[in-house]
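Inspection log for the structure reproduced underneath, given as structure tokens.
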Amino acid sequence: MIAPRPATRIGRVASPTAASRTEPIKREGGLDRREELRRVRIEKLEGLREQGVDPYPHVFHRTHGAGEILDRFEELEEKGTVSVAGRLMSLREMGKTAFAHIQDATGRIQIYLRRDDLPDGAFGLVKLLDLGDLIGVEGTVFRTRTGEISVRAGSLRVLCKSLLPLPVVKEKDGQRFDSVTDKEHRYRARHLDLMLNPESRRSLERRTEIIRALRTFLDERGFLEVETPILQTIYGGAMARPFTTRHNALSIDLYLRIALELHLKRLLVGGIERVYEIGRVFRNEGMDRLHNPEFTMLEFYWAYADYHDAMDLVEEMIRTVAERATGSMKIRWNEMEIDLSRPFRRERMADLIRDAAGLDLDTASDEDLTAWLREHDETLPPVPGRGPLIESVFDAAVVPMLLQPTFVLDHPRAISPLAKAHRERPDDTVERFELFIAGGEFANAFSELNDPLDQRARLEDQARRRAMGDEEAQQLDHEFLEAIEQGMPPAAGVGIGVDRLVMLLTGEANIRDVLFFPLMRPEEKPAEGEEAET
RNA sequence: GAGCCGCUAGCUCAUCGGGUAGAGCAUCUGCCUUUUAAGCAGAAUGUGCUGGGUUCGAGUCCCAGGCGGCUCACCA
């Protein structure tokens, strides 16, 4: 039999710890205390080894998840054994018994440990456990006197000894105590956030479900998913500043892509008639609750279709994804209900501006638009031109009103360099739509420009703007233009900001809450001493 | 980039007008064979974000910086 180690052994850690603390462990504030807690756990780890217990075994086969046992209690109660494993979230020792909760991916379940139910000596392991350890038990399912479904352990195994303290969350009467609530801490230590905050986990898991639903929707309709280069010698497809990096072997600077568009259109030329990519794009711009430097875009291109077809498809897609990922087509947003099940409104941009701002774009001059903006205390667009003026008026007068799903169509040509001229008003209007929900933009789409000479002219115009110092204007992409000259079928193209869609469907107000690892500024610069040592 | 706010024990937070820091939980010791924010008895724990300044004396007041949050402007 394995004799449990005298508990006093643990008590003695204070002395070696104190002794070694005179050594140069001293660093930042708080580290000493943390180090002490860590040492206590290492002592217990050694205690396990001395008892012949491997604190890091290779495998433990489970028969059930915690949530599954709760769900299927009736059929499992007192019938055979189950084995479950998870992270130790609470431990209440009561002499010769102990109650614990373990948490796995499916939920949290109570474990009842009794000395007499366990093999000789095994109950002594309890003294060497800490919150945060991973353990596995085998036992029978029952309900305690207080009614909680529990597993009565017939065996106990340590599956991974944790060395760091686990912030403990306790709950009583729906009140939470001591959870990790500091947002910075949650973003930086996402593993802790996920362990301790079920709502974080729910939003992030839902992100994955939404992406899966988008993918399934397009796959079912014959779209081919592809991956195109992230490292590019020329960036394009959007107006944005790029990140740059360096390829050593080729001795060239490269850009991280800012959009997916141009490569996907080249595939359209090549005969992949329905194509999409869900991928990370990178924009070297400001960060706030709506913007992370890297974010996820969905773009799809559909040959022989136009933007009306795309509208129908996007409408169905948003509805389907919401239903599949959240189980509902209704979203609560700021006290109001957004209903995705009803047909989305479709309005021409000019009509919306006329109704909201009283400006008729056919007759209003640039001066009229400027006057309207001044009158309404709106900042004027940073770049001159009619397009930006119209956009500013639209953003100020119309967008905040677009709460229920609305397609806005037929944009001014001046703000849409990659969209095809409108078939009825080719001079000043393009075939484009944006989808607005809850005052935010969720999709941007065109009948794609496939007239190679027109496309070349527009990109050359962009290049001229670049030369004049507009950093966001697009570069001249000769490979793209050559592909277009080969002949691209008429097509509809759609871009969707996936992170924003996830925010909408999870109710999160900050993009960081739907990214597993949002970009954070490094917490501390390396100390000068450390830098000098290397 | 601008404004406002925050940063105190492993976690969550106190510390009223400046007198070198406390609570709950976690940790450690002891008791307890159906507890559940278990309980009871005891113990230990802090470069108060960093650096300056004022002061006999600063977590507290002032200045600068760091990191974060929220709001505003540009971009998805």
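Residue numbers start from 1 in every chain, and the chains themselves are labelled A, B, ... in the order their sequence lines are given, proteins ahead of strands.
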Do [X] and [N] have a side chain to base donor-acceptor pair shorter than 3.5 Å?
X: A/R145; N: B/rU34; result: no
X: A/R152; N: B/rU34; result: yes
X: A/D288; N: B/rC74; result: yes

**Prompt:** A/F433 vs A/F407 aromatic rings, parallel, tilted or perpendicular, using cut-offs 30° and 60°?
**Reply:**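 Taking A/F407 first and then A/F433, their aromatic rings stand perpendicular (interplane angle over 60°).
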Name the pairing partner of [N], where a pair is Watson-Crick or G-U wobble with both distances under 3.5 Å, or state none.
N: B/rA58; result: none
N: B/rG1; result: B/rC72
N: B/rG6; result: B/rC67
N: B/rU15; result: none
N: B/rC40; result: B/rG30
N: B/rU35; result: none

Between [atom2] of [N] and [atom1] of [X], the distance in whole Å:
X: A/R92; N: B/rC40; atom1: CZ; atom2: P; result: 15 Å
X: A/R289; N: B/rC5; atom1: CZ; atom2: P; result: 21 Å
X: A/Y187; N: B/rC70; atom1: OH; atom2: P; result: 6 Å
X: A/F442; N: B/rA76; atom1: CZ; atom2: P; result: 14 Å
X: A/R186; N: B/rC7; atom1: CZ; atom2: P; result: 19 Å
X: A/R34; N: B/rU47; atom1: CZ; atom2: P; result: 13 Å
X: A/L196; N: B/rG10; atom1: CG; atom2: C1'; result: 12 Å
X: A/F295; N: B/rA76; atom1: CZ; atom2: C1'; result: 5 Å

**Message:** If you assign each of A/L166 and A/T144 to its closest nucleotide in RNA chain B, which residue comes earlier from the 5' end?
**Reply:**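 First, find each residue's nearest nucleotide; the 5'-ward one identifies A/L166.
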Can you tell me, in whole Å, how much space there is between the [atom1] of [N] and that of [M]?
N: B/rA26; M: B/rG18; atom1: C1'; result: 33 Å
N: B/rG48; M: B/rC32; atom1: P; result: 41 Å
N: B/rG46; M: B/rU20; atom1: C1'; result: 12 Å
N: B/rC61; M: B/rA2; atom1: P; result: 24 Å
N: B/rU47; M: B/rU8; atom1: P; result: 11 Å
N: B/rC56; M: B/rG65; atom1: C1'; result: 29 Å
N: B/rA44; M: B/rU27; atom1: C1'; result: 9 Å
N: B/rU12; M: B/rU45; atom1: P; result: 22 Å

Regarding [X], tell me which of base, sugar-phosphate or nothing describes its non-hydrogen contacts under 4.0 Å with the strands shown.
X: A/D499; value: nothing
X: A/E285; value: base
X: A/N284; value: nothing
X: A/E148; value: base
X: A/N510; value: sugar-phosphate
X: A/G497; value: nothing
X: A/L290; value: base

Measure from the ring center of A/F436 to the ring center of A/F394 and say whether it is less than 6.0 Å.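 Yes, the ring of A/F436 comes within the 6.0 Å limit of the ring of A/F394, centre to centre.
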Any Lys/Arg nitrogen of A/E35 or A/R38 sitting under 4.0 Å from an Asp/Glu carboxylate oxygen of the other?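 A salt bridge is present here (some side-chain N lies under 4.0 Å from a carboxylate O).
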Side-chain ion pair, A/R458 and A/D461, N-O less than 4.0 Å: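 Looking at A/R458 and A/D461, the cut-off is not met.
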Look at the side chain of [X] and decide which nucleotide, out of [options], has an atom nearest to it.
X: A/D130; options: B/rU35, B/rC28, B/rG10; answer: B/rC28
X: A/K170; options: B/rC70, B/rU27, B/rC25; answer: B/rC25
X: A/T181; options: B/rC13, B/rU35, B/rC32; answer: B/rC13
X: A/R500; options: B/rG68, B/rU27, B/rA76; answer: B/rA76
X: A/K183; options: B/rC70, B/rG68, B/rC11; answer: B/rC70
X: A/R283; options: B/rC75, B/rC13, B/rA37; answer: B/rC75
X: A/R188; options: B/rG68, B/rA44, B/rA38; answer: B/rG68
X: A/L131; options: B/rA26, B/rC70, B/rU35; answer: B/rA26
X: A/V168; options: B/rA44, B/rA26, B/rU35; answer: B/rA26

**Asked** Are the side chains of A/V169 and A/M89 in touch, meaning some heavy atoms are under 4.5 Å apart?
**Response**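 Heavy-atom side-chain distance check fails, nothing below 4.5 Å.
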* Hey, does the side chain of A/S447 reach the backbone of A/Y307 with a donor-acceptor pair shorter than 3.5 angstrom? ->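 Yes: the side chain of A/S447 pairs with the backbone of A/Y307.
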For A/M401, does the CE atom have more than 12 heavy-atom neighbours from other residues, nucleotides or ligands under 6.0 Å away?
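Result for CE/A/M401: open.
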Verify whether one side chain among A/Q110 and A/Y112 offers a donor that lies under 3.5 Å from an acceptor in the other.
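Per modelled atom types, A/Q110 and A/Y112 side chains form no pair under 3.5 Å.
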### Message
Nearest 0.5 angstrom please: A/L373 CG to A/S392 OG, how far?
### Response
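Spacing of CG (A/L373) from OG (A/S392) equals 5.5 Å.
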inquiry  = Taking 5.5 Å and 30° as the limits, would you call A/F99 and the base of B/rA38 a stacked pair?
reply    =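 No; centroid distance or tilt outside limits.
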